[in-house]
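All remarks here apply to the structure that follows.
On a predicted model such as this, the values are computed, not experimentally measured, just so you know.
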Amino acid sequence: MVITVNLIGSGAIGGAVAQWIAGSETFDLQDIIARGQSHWRKADLAIDTAGPGALRAFGPRLLAQGPLWTVGAAAFIDPDFRGVMQAAAQANGHALRLFTGWIAGPDLLPASQTARLHIAQSAPGLGPAPGVLFDGPLAQAALRFPDHLNTATAAALSGPGIDATSITLTSAPAGEPHRIEARFETPNGLITTTVTFGTPAVHPVAAAIIAALERREAWLIYR
């Protein structure tokens, strides 16, 4: 059985995913949805690789048509948009999957237990000069830097919540890797994560989506 895919975006992430799908016998790339587009064919799976703006523009319609994967978790800082997407998911029985799960711990704690998450994230070129750009609540940080805090927002939504998550965002000197350090504090202990990305041949988010496609029908799952 061939699984049809609609893709939003064709940049560094979307282009790599499209190239992988083109060589797959399991998946078929049906439509690449561009900004301003209003019509596309229904597919078995939609993948947003273009970020929060694309998720706001296309998310409700795509989620009504089928399962949706997105790299644009920062769009959910807006509680009204979260409500729209939740209603679409529940009304149609389709799930939305957030990428990428590089921060350990948030999905291991029941919602009844309180926790806190602090994420220190740095990358070159985030600001006009190296230095700390923001240090405070995720809710405020994601409004100012939505394109840089999708992973942080995804972890917050999967775990302690947006109000229990704080951010230190730093513009690093040129040549430094992208770095994420996270502290997930729970009643049972502490889980820490350190992730660094240099300049790989395939964008790390594209690699994560490709890995998820490869394992979509797997009988053995590790999360």
Side-chain angles (χ1 to χ4, degrees), residues 9 11-14 16-17 47-55 69-77 96-109 114-186 188-212 215 222-223:
I13 300 173
V17 174
I47 306 176
D48 159 37
T49 69
L55 182 62
W69 296 359
T70 180
V71 304
F76 287 115
I77 289 294
L96 185 145
R97 179 172 178 174
L98 303 177
F99 280 81
T100 54
W102 292 318
I103 294 173
D107 59 346
L108 303 178
L109 193 72
T114 59
R116 292 205 62 83
L117 177 62
H118 179 75
I119 300 168
Q121 184 171 324
S122 64
L126 298 185
V132 175
L133 301 176
F134 185 90
D135 187 19
L138 170 62
Q140 297 177 19
L143 292 176
R144 292 178 55 185
F145 307 97
D147 293 328
H148 303 303
L149 293 172
N150 291 296
T151 293
T153 306
L157 291 169
S158 299
I162 290 171
D163 292 338
T165 302
S166 56
I167 292 291
T168 302
L169 185 64
T170 302
S171 183
E176 290 286 319
H178 188 137
R179 186 177 183 89
I180 299 173
E181 296 180 343
R183 290 173 52 89
F184 183 61
E185 301 179 41
T186 78
N188 302 320
L190 174 68
I191 299 174
T192 61
T193 306
T194 300
V195 182
T196 59
F197 300 111
T199 54
V202 177
H203 193 291
V205 178
I209 293 172
I210 291 168
R215 295 169 174 81
Y222 174 74
R223 283 200 174 97

Any chance you could lay out the side-chain contact (heavy atoms from CB on, under 4.5 Å) test for I103 and F184, step after step, and finish with the verdict? CA-CA 9 Å; I103 294 173; F184 183 61; 5.8 Å; no

Going by heavy atoms in the side chains, are L169 and S122 under 4.5 Å from each other? no

In the structure I gave you, are the side-chain heavy atoms of E176 and P124 within less than 4.5 Å of one another anywhere?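 Yes; the side chains approach each other to less than 4.5 Å.
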
Atom [atom1] of [X] and atom [atom2] of [Y]: how far apart are they, to the nearest 0.5 Å?
| X | Y | atom1 | atom2 | result |
| --- | --- | --- | --- | --- |
| T49 | F99 | OG1 | CZ | 11.5 Å |
| I167 | F145 | CD1 | CZ | 11.0 Å |
| L55 | L96 | CG | CG | 6.5 Å |
| L108 | S158 | CG | OG | 10.5 Å |
| T186 | R116 | OG1 | CZ | 13.5 Å |
| L98 | T153 | CG | OG1 | 9.0 Å |

How close do [X] and [Y] get, counting heavy atoms only, and between which atoms?
| X | Y | result |
| --- | --- | --- |
| G105 | I191 | CA-CD1, 3.7 Å |
| Q121 | H148 | NE2-O, 2.5 Å |
| P52 | D147 | CD-OD1, 3.6 Å |
| A16 | A206 | CB-CB, 3.8 Å |
| G9 | A50 | CA-CB, 4.3 Å |
| F76 | I162 | O-CD1, 3.8 Å |

Set of residues satisfying salt bridge (charged side-chain N to carboxylate O under 4.0 Å, His left out) with respect to R183, sequence neighbours excluded: E185

When you measure from the side chain of T170 to the backbone N and O of A172, does any donor-acceptor pair fall under 3.5 Å?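 The answer is no, because no donor-acceptor pair under 3.5 Å joins these two groups.
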
Can you check whether L126's main-chain N or O pairs, donor with acceptor, with S171's side chain at less than 3.5 Å?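 Between the backbone of L126 and the side chain of S171 there is a qualifying donor-acceptor contact (under 3.5 Å).
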
Given the rule in the side-chain contact (heavy atoms from CB on, under 4.5 Å) test, do W69 and D48 qualify, once you have shown the distances and angles that lead to the verdict? CA-CA 6 Å; W69 296 359; D48 159 37; over 6 Å; no

Only distances under 3.5 Å count here; give the side-chain donor-acceptor pairs of residues 127-144 to other protein atoms, sequence neighbours excluded, each with its distance to 0.1 Å.
residue: D135; atom: OD1; partner: T168; partner atom: OG1; Å: 2.8

Can you tell me if CG on D107 sees more than 12 non-hydrogen neighbours from other groups inside 6.0 Å? yes

For atom CZ of R97, decide whether the heavy atoms of other residues, nucleotides or ligands shown that lie under 6.0 angstrom number more than 12.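 Atom CZ in R97 is crowded, with more than 12 foreign heavy atoms closer than 6.0 Å.
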
Given T100 and V71, is the side-chain contact (heavy atoms from CB on, under 4.5 Å) satisfied, shown in steps? CA-CA 7 Å; T100 54; V71 304; 5.8 Å; no

Compile the donor-acceptor pairs under 3.5 Å between side chains in residues 193-204 and protein atoms, sequence neighbours left out, one pair per line.
residue: T193; atom: OG1; partner: A104; partner atom: N; Å: 3.0
residue: H203; atom: ND1; partner: V205; partner atom: N; Å: 3.0

Start with the C-alpha gap between I119 and E181, add the side-chain angles, then the distance that decides, and say whether side-chain contact (heavy atoms from CB on, under 4.5 Å) holds. CA-CA 6 Å; I119 300 168; E181 296 180 343; over 6 Å; no

